[in-house]
Visitor: 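Here's a structure for you.
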Number of protein chains: 2
Amino acid sequence: MLIRVDPGSGVAIYDQIAASVRAAATRGALSPGERLPAARELAEALDVNVHTVLRAYQDLRDEGLVDLRRGRGAVVTDAAARGASLLDAVRALVAEARREDVGPQTLISLIREEYPA
Amino acid sequence: MLIRVDPGSGVAIYDQIAASVRAAATRGALSPGERLPAARELAEALDVNVHTVLRAYQDLRDEGLVDLRRGRGAVVTDAAARGASLLDAVRALVAEARREDVGPQTLISLIREEYPA
DNA sequence: CTATTGTTCTAATTTCACTAGCACAACCGA
DNA sequence: TCGGTTGTGCTAGTGAAATTAGAACAATAG
């Protein structure tokens with residue numbers, strides 16, 4: 001399964017699902033035009049409520065990463081494929097952060113502060 | 001004020017406070033030995049409860065970024081100064097992400113997925 | 001000694017994630 | 001056309017976590 005979830009992770013389940021899809025798309029494991037599992041189907045596979053999956057899908061739609069339509073499902077958009085070139089930079093950044101004993105919280109805090117402007 | 005908060009940001013207030021401090025320390029705006037505002041004082045300035053500020057301070061203590069002691073307050077540790085070399089890399093990464101129209105959610109998702117392993 | 005500051009405690013309120021079940025509308029394939 | 005699939009929308013309830021509030025207490029600085 002492409003998508004995994006850890007209930008006691010502190011991160012909301014719908015956020016973990018969305019994060020999995022974002023990462024998979026960037027990684028190229030999900031190509032534009034491809035369809036995500038049906039919400040009901042994925043919900044059962046993850047032993048989670050349908051609404052929780054839908055919440056993740058709708059967040060992804062709001063970000064423009066998927067196209068949601070009744071009967072058709074959640075289709076990955078072209079936008080989701082962008083940023084593949086960021087992967088190496090991200091890996092390098094994380095590696096350096098760990099080398100300097102900088103936690104993920106700090107790294108994420110830095111990114112959130114650099115973005116808005 | 002070094003620390004700002006947006007109540008409707010989706011991010012918990014105590015997390016925003018902690019994030020501000022993490023970023024400020026990494027940026028060098030907060031040097032080791034320096035003291036954070038007293039909890040009661042900051043709480044009033046942000047129009048927030050004292051416990052909320054304390055929660056942020058305690059999280060920072062758990063991460064080793066500040067030293068908490070009664071009567072003395074929250075003092076920035078040496079550990080908080082680490083990672084200054086990451087700043088450029090973070091800025092470059094964010095810049096490239098925006099150039100490619102990649103949102104902050106995706107960037108953060110990527111980092112969270114690269115960390116644990 | 002006195003004022004400051006974090007610590008601890010109880011308690012109430014509020015917000016949000018998650019679950020549950022249902023009806024409905026758009027879409028697809030046969 | 002028809003039947004099954006899929007997201008949408010709604011109401012409702014539960015539980016955990018965030019936030020607020022107020023108080024007493026212990027360590028520290030001056």
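Below, chains carry the letters A, B, ... as their sequence lines are ordered, and counting in each starts from 1.
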Visitor: With B/Leu86 as reference, evaluate A/Val94, A/Thr106, A/Leu107 under the side chain to side chain contact (heavy atoms under 4.5 Å, CB included) test and give the passing residue.
Guide: A/Leu107
Visitor: Are the side chains of A/Arg61 and A/Asp67 in touch, meaning some heavy atoms are under 4.5 Å apart?
Guide: no
Visitor: Walk me through it: do B/Gln16 and B/Arg4 pass the test side chain to side chain contact (heavy atoms under 4.5 Å, CB included)?
Guide: CA-CA 8 Å; B/Gln16 296 183 47; B/Arg4 292 194 200 90; over 6 Å; no
Visitor: Between the protein and nucleotides 17-21 of chain D, which nitrogen or oxygen pairs are less than 3.5 angstrom apart?
Guide:
| unit_1 | atom_1 | unit_2 | atom_2 | d |
| --- | --- | --- | --- | --- |
| D/dA18 | OP1 | B/Tyr14 | OH | 2.7 |
| D/dA18 | OP2 | B/Arg55 | NH1 | 3.3 |
| D/dT19 | OP1 | B/Ile13 | N | 2.6 |
| D/dT20 | OP2 | B/Asn49 | N | 2.9 |
| D/dT20 | OP2 | B/Thr52 | OG1 | 2.7 |
| D/dA21 | N6 | B/His51 | NE2 | 2.9 |

Visitor: Short of 4.0 Å, heavy atom to strand atom, which residues of residues 63-71 of chain A count as contacting DNA chain D?
Guide: A/Leu68, A/Arg69, A/Arg70, A/Gly71
Visitor: Could you state the CZ-C1' distance from B/Arg35 to D/dA29, rounded to the nearest angstrom?
Guide: 10 Å
Visitor: Let me know the distance between CZ of B/Arg40 and C1' of D/dT28, rounded to the nearest Å.
Guide: 13 Å
Visitor: Salt bridge (charged side-chain N to carboxylate O under 4.0 Å, His left out) with B/Asp59: which residues, sequence neighbours excluded?
Guide: B/Arg55
Visitor: Report the C-alpha separation of A/Tyr14 and A/Val48 in whole Å, then their side-chain angles, then the decisive distance to 0.1 Å, and conclude whether the side chain to side chain contact (heavy atoms under 4.5 Å, CB included) test is met.
Guide: CA-CA 10 Å; A/Tyr14 73 88; A/Val48 155; over 6 Å; no
Visitor: Taking the side chain as everything from C-beta on, heavy atoms only, tell me whether A/Leu42 gets closer than 4.5 Å to A/Leu36.
Guide: no
Visitor: With heavy atoms of chain B within less than 4.0 Å as the criterion, where does contact along DNA chain C begin and end?
Guide: C/dT4 to C/dC9
Visitor: Within the supplied structure, the quantity of interest is the number of heavy atoms (other residues, nucleotides, ligands) at a distance under 6.0 Å from A/Glu44 CD; does it exceed 12?
Guide: no
Visitor: Once rounded to the nearest 0.5 Å, what's the spacing between atom CG of A/Asn49 and atom CG of A/Leu54?
Guide: 9.0 Å
Visitor: Go through the steps for A/Leu65 and A/Val76 under the test side chain to side chain contact (heavy atoms under 4.5 Å, CB included), then give the verdict.
Guide: CA-CA 6 Å; A/Leu65 301 187; A/Val76 179; over 6 Å; no
Visitor: Compute the angle between the rotation axes at the two ends of the helix from C/dC1-D/dG30 to C/dA30-D/dT1, each taken over five pairs, rounded to 10 degrees.
Guide: 50°
Visitor: Only counting residues at least two apart or in another chain, list the ones meeting salt bridge (charged side-chain N to carboxylate O under 4.0 Å, His left out) with B/Arg27.
Guide: A/Glu113
Visitor: Looking only at heavy atoms, what is the nearest atom pair of A/Leu46 and A/Ile3, with distance?
Guide: CD2-O, 3.5 Å
Visitor: Would you tell me if any nitrogen or oxygen in the side chain of A/Gln58 comes within less than 4.0 Å of OP1 or OP2 on D/dT8?
Guide: yes
Visitor: Determine: side-chain N/O of B/Arg72 to OP1/OP2 of D/dA26, distance under 4.0 Å, yes or no.
Guide: no
Visitor: Look at the side-chain heavy atoms of Ile, Leu, Val, Met, Phe, Trp and Tyr, link any pair under 4.5 Å apart, and say whether A/Leu87 and B/Val90 land in one connected group.
Guide: yes
Visitor: Between B/Leu110 and A/Thr26, is a side chain to side chain contact (heavy atoms under 4.5 Å, CB included) present by the stated rule, with each step listed?
Guide: CA-CA 8 Å; B/Leu110 287 173; A/Thr26 304; 3.8 Å; yes
